[in-house]
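Please read the structure below before turning to the comments.
Below, all heavy atoms of this structure are taken into account, side chains as well, without hydrogens, waters or symmetry copies.
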2 protein chains.
Amino acid sequence: MDTAERLLALLGLLQHRAHWPADELAERLGVTARTVRRDVVRLRGYGYPVEAFAGHGGGYQLGRGARLPPLLLDDDEVLAIAVGLGAVGGLAIAEIDQASLSALAKLEHLMPVRLRSRLEALEAAIATVGPAAGNPAATTPVIDRRTLTSIAHAVHQRTVLEFDYVDGREARSRRTVEPARLVRAGLRWYLAAFDVDRDDWRTFRLDRIGAVEVSDRRFVPRAGPDPVDLVSRAAPPSSYPHRVRVVVAATAADVRRHVPVVLGHVAAADDGSTSVLEIGTDDLAWAVTYVLGLPFEVEVVGPPAARAMLARRAGELAERHTSG
Amino acid sequence: MDTAERLLALLGLLQHRAHWPADELAERLGVTARTVRRDVVRLRGYGYPVEAFAGHGGGYQLGRGARLPPLLLDDDEVLAIAVGLGAVGGLAIAEIDQASLSALAKLEHLMPVRLRSRLEALEAAIATVGPAAGNPAATTPVIDRRTLTSIAHAVHQRTVLEFDYVDGREARSRRTVEPARLVRAGLRWYLAAFDVDRDDWRTFRLDRIGAVEVSDRRFVPRAGPDPVDLVSRAAPPSSYPHRVRVVVAATAADVRRHVPVVLGHVAAADDGSTSVLEIGTDDLAWAVTYVLGLPFEVEVVGPPAARAMLARRAGELAERHTSG
DNA sequence: ATCTCTGCGGACCGTTCCTGTCCGTGGATC
DNA sequence: GATCCACGGACAGGAACGGTCCGCAGAGAT
């Protein structure tokens, strides 16, 4: 074991257990305690503060530094993080949207095979959460996480991508693109990419993409329009077939604590103690169910179809629970 | 920059961007391409497979190996992971329960200060999800994530812990313990620990713990009963004040896809096409709201109070939506 | 088919640095 | 005060490191 490998191992040990006496480390690493001391000094030199304690029960411990040390994770931690990143994708937090996606793509790319299968088993077992939850019919665009990460990885790696696409007029085509960036707009994901065959920039809704094939051809990124611009031009907020409006008997702040930003827009009503929630969706039934599950007094004010649907469901429930 | 630091930097670069030509790496690292090649060989020797491509557009790329390489994450990725791990805590997946907690505690301990504040801001902004969602009154035990991770960290670091505790008979006391392990039982978290003053093992419900103070006194773990045993003895599944039973018009498998395991138990009914969901909770109102939000036809069969509560809520909703 | 780009790795050599050993110091705890 | 334990200087033999130079081989581009 040479110096560099030993330093990596040392970092790993220090992360695995919080507290290590020098000669225990020495034994583990197969060197003398003096060398461990030298290694510790080296790590500090790299900017990873290793704290030391003298006296009885003394030892070394990794402290908080200016930057995060290289994380050495064990299997379960990797799985926990991967599952967590998947969940964050569902939460759709603008600030770390791209980051969680790229971190997940990175992780899945580097993850040992044995973990991949465990991860898949886990994900299959996990109840769907987040915006997609409560939607067994899956008319709301539910994107295969595999599609999402493989595209994210292609963006990152700058490799050419091929896939089947169904456009807004239901026309099917096979596309070959140089992917530029994934953009989330509301509940939907879009890919901004340069379409090689059409020799122009295009945006693609991920839920309309099928049979993705990541080639190993790399490309040099070309100058082009801002991907976010491209998408927002192509997919205006009004593009959802349904916009459900709900009056909620709670302050806007309270409602926002329960409704992810991407799901809907929350505004305070005039009186301040009630608010108006507006949800754009492809699937009216899903939205109605979602509203039902809110821990507030709610009233769907439109569209009439949603109002009727909620009335019917509430009526059924009431009837079922008063009789007998 | 010495060899070890350069290797760490190299790992970082290879993770940051997918594809690197040798001389670009050389320039970044301030060495010749020959040295980069040697470093690559070294990394491979450590078990991190670096793939190489010759010819036009050739270069190096980190591949999938037997174990995950030390992860060098940028700020946003760290935040995404931290948020994700928080979400996993909410999901409560038995397989990675402890791992997500320990990973989060680890991360928060190592995280640079500048990220801590960003993380706190993010978490404050995020809508509550998971089992705790839909519970503004917070009578269901909602545990401060700060408490959870600081205890997890103390377990990991083996440091003595002090906190205020309110026991089942509402008696307040200040405890000094040697924490052994966190155990989740249903929706609740317990700490199994050795109570120093009482000189015996005890279990503590986390939602009854307040004012945690992590001392810097370390302790040597003592032999004791199995923490999980201890907790399951102290907290039988029947310890929830309410057990709501719901007949759901969907197969048990479908229901399980929507109900996290810790939330409730799902059993197939005799006919196979309907199932019975049983939710243990402290807060009847929350459970009723939760059931309302399920995307299935449901009927609460007990207890009567829950049935009545649902009937009332459904009735109100129906009335509000049929008039006008 | 040829050319060019790019990674590959052997050889050499001066220099650096690494590690084990020995040992006195000083802070912490019992 | 005794003990435990991290600290770090000094030293010396040996290992490794990195730059330079070079011919080779695989992959694309022309």
Short side-chain N/O contact to C:dT19 OP1/OP2 from A:Thr32, under 4.0 Å: no
Classify the side chain of B:Arg37 versus the base of D:dG18 as yes if they form a donor-acceptor pair under 3.5 Å and no if they do not. no
With a 3.5 Å cut-off and just heavy-atom distances, do the side chain of B:Arg34 and the base of D:dG18 make a donor-acceptor pair? no
Please round to 10 degrees the angle between the axis of the first five pairs and the axis of the last five pairs in the helix from C:dA1-D:dT30 to C:dC30-D:dG1. 60°
Heavy atoms under 4.0 Å, any strand shown: does A:Arg42 hit a base, just sugar-phosphate, or nothing? sugar-phosphate
Sugar-phosphate, base or nothing in reach of A:Val31, heavy atoms under 4.0 Å: sugar-phosphate
With nearest nucleotide decided by heavy atoms, which residue, B:Ala33 or A:Gly58, maps closer to the 5′ end of DNA chain D? A:Gly58
Could you tell me the separation between the OH atom of B:Tyr60 and the C1' atom of C:dC5, rounded to a whole number of Å? 13 Å
Please confirm whether A:Phe194 and A:Phe219 have ring centers closer than 6.0 angstrom. no
From the options D:dC7, D:dG18, D:dG8, select the nucleotide whose nearest atom is closest to the side chain of A:Val41. D:dG8
Do NZ/NE/NH1/NH2 and the carboxylate oxygens of A:Glu162 and A:Arg175 come within less than 4.0 Å? no
Write down the atom of A:Ala154, the atom of A:Leu161, and the distance for their closest heavy-atom approach. CB-CD1, 3.5 Å
Mutual orientation of the aromatic rings belonging to A:Phe204 and A:Phe163 [parallel < 30°, tilted 30-60°, perpendicular > 60°]: perpendicular
More than 12 foreign heavy atoms under 6.0 Å from CZ of B:Arg217: is that the case here? no
Measuring from B:Tyr190:OH to B:Ile209:CD1, what's the distance to the nearest 0.5 Å? 11.5 Å
